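Single-structure report; data block below.
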Amino acid sequence: MSLQATVSKQVQKAVHELYQANLETVEFQATRKEFAGDITIVVFPMLRVIKGNPVQIGEAIGSYLVDNVKDVKAFNVVKGFLNIEIEDSYYIAFFNAVKDNSTFGFVLPSVEGKSVMVEYSSPNTNKPLHLGHVRNNLLGYSVSEIIKASGKKVYKTQIINDRGIHICKSMLAWKRYGNNETPESTGLKGDKLVGNYYVKFDQEYKKEIEALKAEGKTEDKAKKEAPILIEAQQMLLAWEAGDEETVTLWKTMNQWVYKGFDVTYKNLGVDFDCLYYESETYLLGKEFVDQGLKTGVFFKKEDGSVWCDLTEDGLDEKIVLRSDGTAVYMTQDIGTAIQRIKDYPDVGGMVYTVGNEQDYHFSVLFLILKKLGFDWAKNLFHLSYGMVDLPSGKMKSREGTVVDADDLVAEMATTAGEISEELGKLDGYSQDEKNELFSTIGLGALKYYILKVDPKKRILFDPKESIDFQGNTGPFIQYTYARIQSILRKANLEAEGLVTDFAYELHDKEKALLKQLQVFPEVIQNAATQHSPALLANYTYDLVKDFNSFYQNVPIVLGNDDPQSQVFRVQLSNMVAQTIKNAFGLLGINVPERM
RNA sequence: GGGCUCGUAGCUCAGUUGGAUAGAGCACCUCCCUUCUAAGGAGGCGGUCACAGGUUCGAAUCCUGUCGGGCUCACCA
């Protein structure tokens with residue numbers, strides 16, 4: 001039983017014995033650092049069942065706890081707050097129990113438990129990934145790892161948006177202006193090459209609009225009648241009709257893009273367990289729409305279009321099938337969700353990592369799936385994250401105002417390299433080793449910068465103000481890890497032996513670390529249920545701050561005459577490093593041995 | 001206009017189911033490398049928690065309204 005549970009029970013017993021009252025719950029909080037104590041019980045809520053002075057009640061319960069709970073050493077009462085001091089032996093026992101557990105805080109997946117499928121990335125195949133996708137990828141990957149660590153099996157997946165007018169635009173522009181360029185002939189990454197033609201299309205499209213306007217057409221009309229757009233729409237029809245030439249070009253260009261994406265995913269360090277393609281699933285939803293029509297979940301309008309009436313749920317009517325019988329986004333999402341559960345029957349819930357601009361879409365999707373009678377529909381979660389905006393506003397691929405994912409990753413590594421070379425601590429490293437290190441640090445800075453912010457909040461990213469490497473940053477935490485590795489190399493102790501056999505008095509800095517380590521398992525669980533890597537990022541930062549304070553105020557090996565204290569502090573440092581590594585692993589961030 | 005969401009130090013962000021004097025980092029100002037990595041540590045400056053009411057022992061947190069940003073309400077995705 002945890003200490004908090006024990007104390008909680010004893011407080012209830014005390015209240016019962018002293019006041020003949022029943023207390024449902026006991027409210028705890030961390031003791032503020034200006035007061036003596038380790039945990040604090042808030043007395044105020046007890047006043048609902050006990051009449052009296054909160055200070056006197058606190059005193060009474062405090063002395064009861066000292067008498068009845070072995071690990072409670074002392075107490076003090078400030079206003080309505082009962083601060084309790086815990087015996088050092090309690091923390092030392094905790095440490096000895098976990099110090100050799102390299103996966104402390106992680107829960108192994110249970111065999112019979114339901115798995116979770118996490119969808120993320122899900123890009124369009126007409127342009128390279130940009131900073132917005134980077135946030136999506138980092139979040140999706142990290143949340144997957146966190147859910148795994150919390151004790152569930154996870155499948156990472158995506159729905160690749162490989163069909164539609166957007167890819168036809170790139171195809172058409174390539175056909176018209178491409179001169180048979182290929183990634184091989186140009187040396188460009190495939191996604192970049194295709195993206196260039198997407199931009200090219202837009203430029204030509206705009207020219208044609210201007211030309212039509214000069215002929216006296218209205219803007220709206222010009223936008224609809226531009227020949228290049230009409231040609232792109234015809235191409236889409238040809239694709240849907242299975243026209244061989246169009247399909248071949250589509251396959252070729254998509255393959256270029258996938259190859260490019262693979263490189264970007266590798267650069268970012270993210271991966272997937274299974275993939276779904278829109279071109280293969282966009283028809284899937286139709287049969288379920290038919291079913292829903294029969295069961296009355298949907299209804300047909302006169303023109304033949306099919307809708308779902310959600311007005312009773314406070315939403316609108318939503319179309320699920322066009323009058324010409326073709327699928328819309330919603331149709332496909334219904335089909336894909338059902339297909340995924342068919343493919344992976346052990347999946348009991350899904351997480352969709354998609355920007356908050358689609359909040360409405362997902363509340364509708366989940367509601368429809370519930371109405372269709374799928375019991376897993378209650379376990380669907382839209383991991384809705386805020387947009388990444390630039391100082392100039394929203395990123396727009398067509399206008400070239402995007403921060404490219406590959407460029408950003410490369411720039412971060414370059415900056416990391418400049419700082420590292422300036423500090424000059426890498427004697428003996430080969431160029432390859434250095435490059436790997438710079439990549440680790442650069443990615444660490446980028447990933448931490450993005451993941452430390454609550455997913456729900458939007459991020460303002462200023463490319464001119466480069467991401468920091470000092471303070472509350474990834475490199476700061478990596479640095480602390482490297483520092484500890486340096487100590488461990490030099491300490492060269494057989495880090496055996498326990499410290500239970502002597503009355504060790506904990507230093508405040510040691511105790512702070514032990515307390516912080518102790519809550520790690522809980523943080524993982526919270527981060528999983530709240531789908532928030534930010535909780536882990538903030539936890540790790542607090543741990544590292546505590547360690548640095550310990551490091552610079554307490555002698556670990558050098559200047560430490562007490563051999564047992566040396567052993568303990570080295571082991572404690574090791575445990576902190578281990579936890580940093582594991583926590584950062586859940587964020588998808590690596591840690592270096594030196595930096 | 002309807003719905004959703006956000007507003008905390010100059011800037012970027014924390015702040016568990018309501019709890020003590022609202023916390024960090026950056027920036028600015030002092031100190032600390034002949035002890036283990038100074039990408040660090042110790043301290044200072046900086047707040048009407050957008051505003052106004054309400055709920056209660058207690059509100060940054062819950063409710064209502066106002067102001068200000070964002071998203072959304074398509075036979076687009």
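Residue numbers begin at 1 in each chain, while the letters A, B, ... track the order of the sequences. Only heavy atoms go into these numbers, but all of them, side chains included; no hydrogens, no water, no symmetry mates. No experiment lies behind these values; they were computed from the predicted model shown.
Note on residues 314-330 of chain A: pairs passing salt bridge (Lys or Arg N to Asp or Glu O under 4.0 Å), not counting sequence neighbours, are Lys301(A)-Glu317(A). Screening residues 515-528 of chain A for salt bridge (Lys or Arg N to Asp or Glu O under 4.0 Å) gives Asp38(A)-Lys515(A) as the qualifying pairs, with residues at least two apart or on separate chains.
Pairing for G18(B) is absent, judged as Watson-Crick or G-U wobble with the two contacts each under 3.5 Å. Of the nucleotides present, G70(B) is the one that pairs with C4(B) by Watson-Crick or G-U wobble criteria, both distances under 3.5 Å. Taking a pair to require two hydrogen-bonding distances under 3.5 Å in either a Watson-Crick or a G-U wobble arrangement, U30(B) pairs with A42(B). The pairing partner recorded for G23(B) is C13(B), the criterion being a Watson-Crick or G-U wobble arrangement whose two distances lie under 3.5 angstrom. Across all strands shown, G58(B) remains unpaired; no Watson-Crick or G-U wobble contact has both distances below 3.5 Å. Remark: G53(B) base-pairs with C63(B); criterion is Watson-Crick or G-U wobble with both hydrogen-bond distances under 3.5 Å.
Going from atom CD of Gln56(A) over to atom P of C57(B) covers 20 Å, rounded to whole Å. Between Tyr481(A) atom OH and A39(B) atom P the separation is 19 Å, expressed in whole Å. Nucleotide C57(B) holds its C1' atom 15 Å from the CD1 atom of Ile50(A), rounded to whole Å. Between Phe362(A) atom CZ and A77(B) atom C1' the separation is 11 Å, expressed in whole Å. Straight-line distance from the OH atom of Tyr329(A) to the P atom of U72(B): 13 Å, rounded to whole Å. Separating the CZ atom of Phe438(A) from the C1' atom of A39(B) is a distance of 13 Å, rounded to the nearest angstrom. If you measure from atom CG of Leu310(A) to atom C1' of U72(B), you get 15 Å, rounded to the nearest angstrom.
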Q) For every nucleotide of nucleotides 32-38 of chain B, 5' to 3': is a protein heavy atom under 4.0 Å from its base (B), only from its sugar-phosphate (S), or from neither (-)? A) ---BBBS

Q: Summarise protein proximity over nucleotides 9-27 of chain B in one line of letters, 5' to 3': B for base, S for sugar-phosphate only, - for none, counting protein heavy atoms closer than 4.0 Å.
A: ----SS----BBS-SSSS-

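Ser549(A) comes within 4.0 angstrom of the backbone, heavy atoms only, and of no base. Residue contacts shown for Leu321(A) are absent, as no nucleic acid heavy atom lies under 4.0 Å away. Note on Asn161(A): only backbone sugar-phosphate atoms sit closer than 4.0 angstrom, heavy atoms only; bases stay farther off. The residue Ser420(A) sits close to a base: some heavy atom pair falls under 4.0 Å. Note on Phe469(A): a base of the nucleic acid sits closer than 4.0 angstrom, heavy atoms only.
Applying the salt bridge (Lys or Arg N to Asp or Glu O under 4.0 Å) criterion to Asp191(A), with sequence neighbours excluded, gives Lys189(A). Among residues two or more places apart in sequence or in another chain, the side-chain hydrogen bond (donor to acceptor under 3.5 Å, both in side chains) test is passed with Ser363(A) by none. For Arg458(A), the salt bridge (Lys or Arg N to Asp or Glu O under 4.0 Å) partners are Asp389(A), not counting sequence neighbours. Taking Lys79(A) as the reference, nothing meets the salt bridge (Lys or Arg N to Asp or Glu O under 4.0 Å) condition, with sequence neighbours excluded. Residues meeting the salt bridge (Lys or Arg N to Asp or Glu O under 4.0 Å) test with Glu225(A), sequence neighbours left out: Lys217(A). Phe75(A) meets the ring-ring contact (aromatic ring centres under 6.0 Å, His included) test with no other residue; sequence neighbours excluded.
The shortest distance between side-chain heavy atoms of Tyr448(A) and Ile450(A) does not fall below 4.5 Å.
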Between the protein and nucleotides 28-31 of chain B, list the N/O to N/O atom pairs that are separated by less than 3.5 angstrom.
none

Between the protein and nucleotides 3-5 of chain B, are there any N/O to N/O pairs under 3.5 Å, and if so, what are the atom names and distances?
none

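In this structure, Lys169(A) fails the cation-pi test against Tyr198(A), since its NZ or CZ atom is not both closer than 6.0 Å to the six-membered ring centre and inside 45 degrees of the ring normal.
Contact annotation: Arg163(A) does not reach the phosphate of C76(B) (side-chain N/O to OP1 or OP2, under 4.0 Å).
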